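The shown structure was predicted, so the numbers you read here are calculated from the model rather than taken from an experiment. Chain identifiers are assigned alphabetically (A, B, ...) following the order of the sequence lines, protein sequences preceding nucleic acid strands; residue numbering begins at 1 within each chain.
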Amino acid sequence: MRSMRPARSLVITSLATACTIALFAAPAHGTYWSGGMPRADFSIRTYSYNPTWQGPLDNGIVNWNGTPTPAAIGKLSSSPNTLTATSYSDTWYGLFTSSGPRDSSRTFTIKLNSRTISRDATNFSNMVTRVFSHELGHGLSMADNPSTSSSSIMKYTAWNTLVKPTTYDIAEVNRIY
Amino acid sequence: MKKNRFLSLACAAGILSLITACGSGASQSSTPNQVAYHASYPDFSSSEELYGKADLVVRAVVQPGTEVRELSSGGTDSDDPRLNPQAGVDSGEQPAEDPVVVTVRKIKITKLHKGVGKVGDTIEVKELGGNLGGTEYVSDESTPLVPGKPYLLFLTTFPDQPASVITPVQGQYPLDGAGEPQSLPDNKLKMTTKNLEQLTRAASQ
Ligand SMILES: [Zn+2]
């Protein structure tokens with residue numbers, strides 16, 4: 001029986017370590033954001049924009065749904081979660097708003113700012129897909145600007161070139177859900 | 001054996017409480033009266049780009065007092081399909097307007113580096129989030145301007161709404177005792193008075 005003790009204390013130590021890591025390794029610049037959705041399968045209300053936006057927006061959803069993750073985003077006319085793309089008098093590219101506790105009552109809105117996106121786009125359709133994918137990444141509980149050397153659509157860089165969720169993003173979603 | 005059973009129980013309880021602590025720590029989510037904002041911004045690669053894209057560059061002192069407002073998008077009537085995603089589309093399909101809650105402060109200009117304005121002018125600057133109608137709108141990215149403090153600010157101005165710092169991280173530089181701008185911790189761009197004078201000179205040529 002004595003030999004059990006070290007094993008037990010090892011279990012406790014590793015649990016404590018895991019806990020410490022989980023608690024403290026995700027500060028402001030960590031990868032996990034508690035404002036995301038409780039599940040990786042969620043809906044967004046059907047939207048309708050001009051062809052300059054519609055296709056690139058749809059690609060943002062298709063790209064996430066094509067990843068080997070539980071992410072499954074469906075368009076639904078009755079969804080409480082919405083997307084609005086228009087010109088906002090502010091400086092952000094995208095704004096993700098999360099309301100309610102992290103359970104089935106949680107809803108979100110995504111706002112995309114055509115003013116700043118048109119200003120900074122060098123490849124317009126790429127940038128629209130990227131900003132929308134990034135915002136959907138918040139829905140998938142990922143925080144902004146993760147402090148990793150890996151490439152990620154959650155970073156504030158390469159808005160016109162990095163369009164699809166990366167290996168890092170995929171691993172993060174699989175870790176969270 | 002008794003001792004062992006006690007140990008097992010203690011361990012189980014310890015593990016349980018650790019798991020519970022872990023769980024609650026990892027899901028400090030918004031309460032029903034809290035709304036979380038997550039805004040995404042450009043990351044300017046140079047001070048030239050930052051200066052070039054700002055409408056207004058000023059040294060200013062933040063005035064006391066704040067006002068929380070709900071702002072609508074304003075939208076656009078533009079025919080440009082990039083600027084106006086609804087150009088040529090039936091607007092009946094769009095979701096209802098969902099205003100953004102902002103906190104508005106006044107700043108008093110002490111030096112104008114770029115844009116329209118003059119020393120002594122007071123202008124409004126907005127930040128995402130604020131307390132409105134019992135609901136707290138919380139923005140993770142904002143670093144609120146501190147009343148009474150002097151700053152170098154890179155702003156975007158709007159005809160219909162208060163100005164905004166061009167990004168919360170790269171648009172504001174608290175001035176130190178010598179009047180030199182200090183970058184916020186996450187800002188890789190360094191800004192000096194000399195650097196700013198060079199940018200102003202280059203822009204006026
Ligand atoms: Zn973001």
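- At most 12 non-hydrogen atoms from other residues, nucleotides or ligands lie less than 6.0 angstrom from CG of D79(B).
- Within residues 124-131 of chain B, the residues having any heavy atom under 4.5 Å from a heavy atom of chain A are, by residue number, K126(B), L128(B).
- The aromatic rings of H134(A) and H138(A) sit perpendicular, their planes meeting at an angle over 60°, well past the 30° parallel limit.
- Between T135(B) and Q34(B) there is no side-chain heavy-atom pair separated by less than 4.5 Å.
- Each of K111(B), E180(B), H113(B), Q182(B) was scored for a side-chain contact (heavy atoms from CB on, under 4.5 Å) with L152(B), with one residue passing: H113(B).
- Heavy-atom neighbours of K190(B) NZ from other residues, nucleotides or ligands within 6.0 Å: above the threshold of 12.
- Annotation: maximal heavy-atom pairing with chain A below 4.5 Å, among Q161(B), R82(B), K53(B), occurs at R82(B).
- Within 6.0 Å of atom NZ in K106(B), 12 or fewer heavy atoms from other residues, nucleotides or ligands are found, so the atom counts as exposed in its surroundings.
- Per-residue heavy-atom pair counts under 4.5 Å with chain A were compared for D80(B), I166(B), T76(B), and the maximum is reached by I166(B).
- A distance of 9.5 Å separates OG1 of T156(B) from CG of L56(B), quoted to the nearest 0.5 Å.
- Chain B forms more heavy-atom pairs under 4.5 Å with one residue of G94(A), S89(A), S141(A), S118(A) than with any other, namely S89(A).
- Contacts between D140(B) and chain A at a heavy-atom distance below 4.5 Å involve the side chain alone, from C-beta outward.
- Residues meeting the ring pair (Phe, Tyr, Trp, His ring centres under 6.0 Å) test with W53(A), sequence neighbours left out: F124(A).
- No other option in T157(A), T116(A), D120(A), T109(A) has as many heavy-atom pairs under 4.5 Å with chain B as D120(A).
- In this structure, the portion of E135(A) lying under 4.5 Å from any heavy atom of chain B is its side chain and not its backbone.
- For chain A, the nearby part of V165(B) is the backbone; its heavy atoms alone come within less than 4.5 Å.
- When heavy atoms are compared at a cutoff of 4.5 Å, K155(A) does not approach chain B at all.
- Using cut-offs of 30° and 60° for the angle between ring planes, the Y156(A) and Y41(B) rings count as perpendicular.
- We find the OG1-CH2 distance between T122(A) and W159(A) to be 13.0 Å, quoted to the nearest 0.5 Å.
- Taking D90(A), V131(A), T97(A) one by one and counting their heavy-atom pairs under 4.5 Å with chain B, the maximum is reached by D90(A).
- At least one side-chain heavy atom of I107(B) sits less than 4.5 Å from a side-chain heavy atom of I123(B).
- Ranked by heavy-atom pairs under 4.5 Å with chain B, the first of L95(A), N113(A), T52(A) is L95(A).
- Ranked by heavy-atom pairs shorter than 4.5 Å toward chain A, the options P85(B), A39(B), S73(B) are led by P85(B).
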